[in-house]
Every structure is written in structure tokens, then in C-alpha cells.
Amino acid sequence: MGTTYVDVTIRNPADRRRNWTGKFLVDTGAFDSLVPRRHLEEIGLQPRGRRDYVLADGKSTALDITVAEIEFEGEIVGGTVVYGEEDAQPLLGVTALESGGFEVDPRSEELKRLPAVLLKKLVA
């Protein structure tokens, strides 16, 4: 499969006027989204914890995380955002992708809207 990019706006939920927009690589192998630290700091987001991640090269590392609004393709979702290094490629992770009701079409390598967002059946 090739690469898919999408314009994404990361917004501070405490002050929605503070935001940053960039071109994100859609990474269906990553759970969470990633943004270079300086952009998160510029919009007033603070780390809310640390989480252990396994990187593409197999190495494990603990990284700062926060919570933000993630807007793409006309949808807004809340999600975990990882603080990346200065030169890190912004990534749109699969949790935000699926929460927004999208998947990647393997043929066209573009985002495809799902007919509905999946929700587990409630048991009475």
C-alpha cells in the first residue's frame, strides 16, 4: 500500500481558537496521532501523561501525550495526541480515523467514508 496524506487541524479544546493545521500521513499502523511538540505547545496544550509506544523500528519508548480535538475531512473527533520530535512527520492514527468514520481505500489510497461508524451492540 502507498501513502495517504490528509490536511488535519489540531485544536485546543479549552480554547478552540488556538489551533494548528498541517499535512498528516495517515498511519493505520499507529493507534494515536502524533504532532511535533512545538506545534502543540504553540496552541497551549500541555502534556497530560506519558505512554509507552513501540516505534516502527521495533524500539520501545515513553512519550508525552495530551488530548485534543482532531479535525479532518469535515469531521471533528477527540483523541490522544503524542508529542513528537521537532522533525517528526505528523501522523493521523487509526483511532481518530475510525472515530471520524473513515478508512483508507487500498486501491485509490484515499480516505473513504464508512457507511456508518461501528458501535458494539448493547446487551439488555
Side-chain angles (χ1 to χ4, degrees):
M1 183 150 90
T3 55
T4 303
Y5 291 90
V6 64
D7 290 330
V8 176
T9 298
I10 301 296
R11 191 170 284 114
N12 183 333
D15 182 354
R16 298 189 76 242
R17 296 169 298 176
R18 298 184 75 180
N19 63 78
W20 175 77
T21 300
K23 188 160 291 293
F24 283 56
L25 173 64
V26 177
D27 187 348
T28 58
F31 286 108
D32 297 327
S33 299
L34 181 139
V35 174
R37 177 178 293 275
R38 69 181 159 91
H39 298 305
L40 298 174
E41 291 174 348
E42 286 169 359
I43 64 171
L45 292 172
Q46 300 292 322
R48 300 192 56 188
R50 288 179 70 77
R51 186 172 289 163
D52 291 327
Y53 288 94
V54 176
L55 305 177
D57 63 6
K59 293 180 184 173
S60 294
T61 187
L63 298 169
D64 289 338
I65 59 169
T66 194
V67 175
E69 287 186 6
I70 303 168
E71 181 176 357
F72 61 99
E73 300 293 315
E75 295 291 333
I76 299 173
V77 300
T80 300
V81 179
V82 179
Y83 284 75
E85 296 295 325
E86 181 69 24
D87 60 347
Q89 166 69 60
L91 301 175
L92 181 66
V94 72
T95 54
L97 186 69
E98 290 179 352
S99 290
F102 292 92
E103 66 182 0
V104 177
D105 183 324
R107 291 191 181 132
S108 68
E109 298 177 359
E110 295 178 353
L111 294 188
K112 179 173 96 175
R113 190 173 290 279
L114 296 167
V117 177
L118 301 175
L119 185 65
K120 185 177 178 180
K121 181 179 176 181
L122 298 176
V123 180

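Because only heavy atoms are used, hydrogens play no part in the values below, and waters and symmetry mates are left out as well, while side chains stay in. On a predicted model such as this, the values are computed, not experimentally measured, just so you know.
Of all heavy-atom pairs spanning S33 and I70, the tightest one is OG-CD1, 4.0 Å. Nearest heavy atom pair, residue K23 against residue D7, reads NZ-OD1, 3.2 Å. Contact detail for R18 and E41: the closest heavy-atom pair is NH2-O, 4.5 Å. The shortest heavy-atom contact between R50 and D64 is NH1-OD1, 2.8 Å. Here the closest heavy-atom approach between residue E75 and residue R113 is recorded as OE2-NH1, 3.0 Å. Summarising the geometry of E109 relative to T4, their closest heavy-atom pair is O-OG1, 2.6 Å, with the distance given to 0.1 Å.
To the nearest 0.5 angstrom, E85 atom CD is 8.0 Å from L63 atom CG. In this structure, CG in D27 is found 11.0 Å from OG1 in T3, a value given to the nearest 0.5 Å. Distance NE2/H39 to CD/E86: 7.0 Å, rounded to 0.5 Å.
Contact annotation: the side chain of R38 never approaches that of W20 to less than 4.5 Å [non-hydrogen atoms, C-beta and beyond]. Residues P106 and K112 fail the side-chain proximity criterion, which asks for heavy atoms closer than 4.5 Å. Proximity of V54 to S60: side-chain heavy atoms (C-beta onward) are separated by under 4.5 Å at one or more points. Between V67 and R48 there is a side-chain heavy-atom pair separated by less than 4.5 Å. Residues L45 and Y83 form a side-chain contact, since some pair of their non-hydrogen atoms from C-beta on lies under 4.5 Å apart.
Y53 and V81 fall into different hydrophobic clusters, where Ile, Leu, Val, Met, Phe, Trp and Tyr are joined by side-chain heavy atoms under 4.5 Å apart, directly or via other members. Residue L25 is grouped with residue L34 when hydrophobic side chains (ILVMFWY) are merged at heavy-atom distances under 4.5 angstrom, including chains of intermediate members. Tracing side-chain contacts under 4.5 Å through hydrophobic residues (I, L, V, M, F, W, Y), one reaches F24 starting from L97; they form part of the same cluster. Cluster annotation: V77 and V35 are assigned to the same hydrophobic cluster (Ile/Leu/Val/Met/Phe/Trp/Tyr, side-chain heavy-atom contacts under 4.5 Å, transitive). I10 and L111 fall within a single hydrophobic cluster, where Ile, Leu, Val, Met, Phe, Trp and Tyr side chains are chained together by heavy-atom contacts under 4.5 Å.
Classified by interplanar angle (parallel below 30°, tilted 30° to 60°, perpendicular above 60°), the ring pair F72/F102 is tilted.
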Next item on the list: Could you check E71 against N19 for side chain to side chain contact (heavy atoms under 4.5 Å, CB included), going step by step and ending with a plain yes or no?
Entry: CA-CA 10 Å; E71 181 176 357; N19 63 78; over 6 Å; no
Checklist line | Derivation and outcome, side chain to side chain contact (heavy atoms under 4.5 Å, CB included), residues T80 and R51 | finding: CA-CA 10 Å; T80 300; R51 186 172 289 163; 3.5 Å; yes
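At a threshold of 4.0 Å, the pair D105-R107 does not count as salt-bridged, since none of the basic side-chain nitrogens sits closer than that to a carboxylate oxygen.
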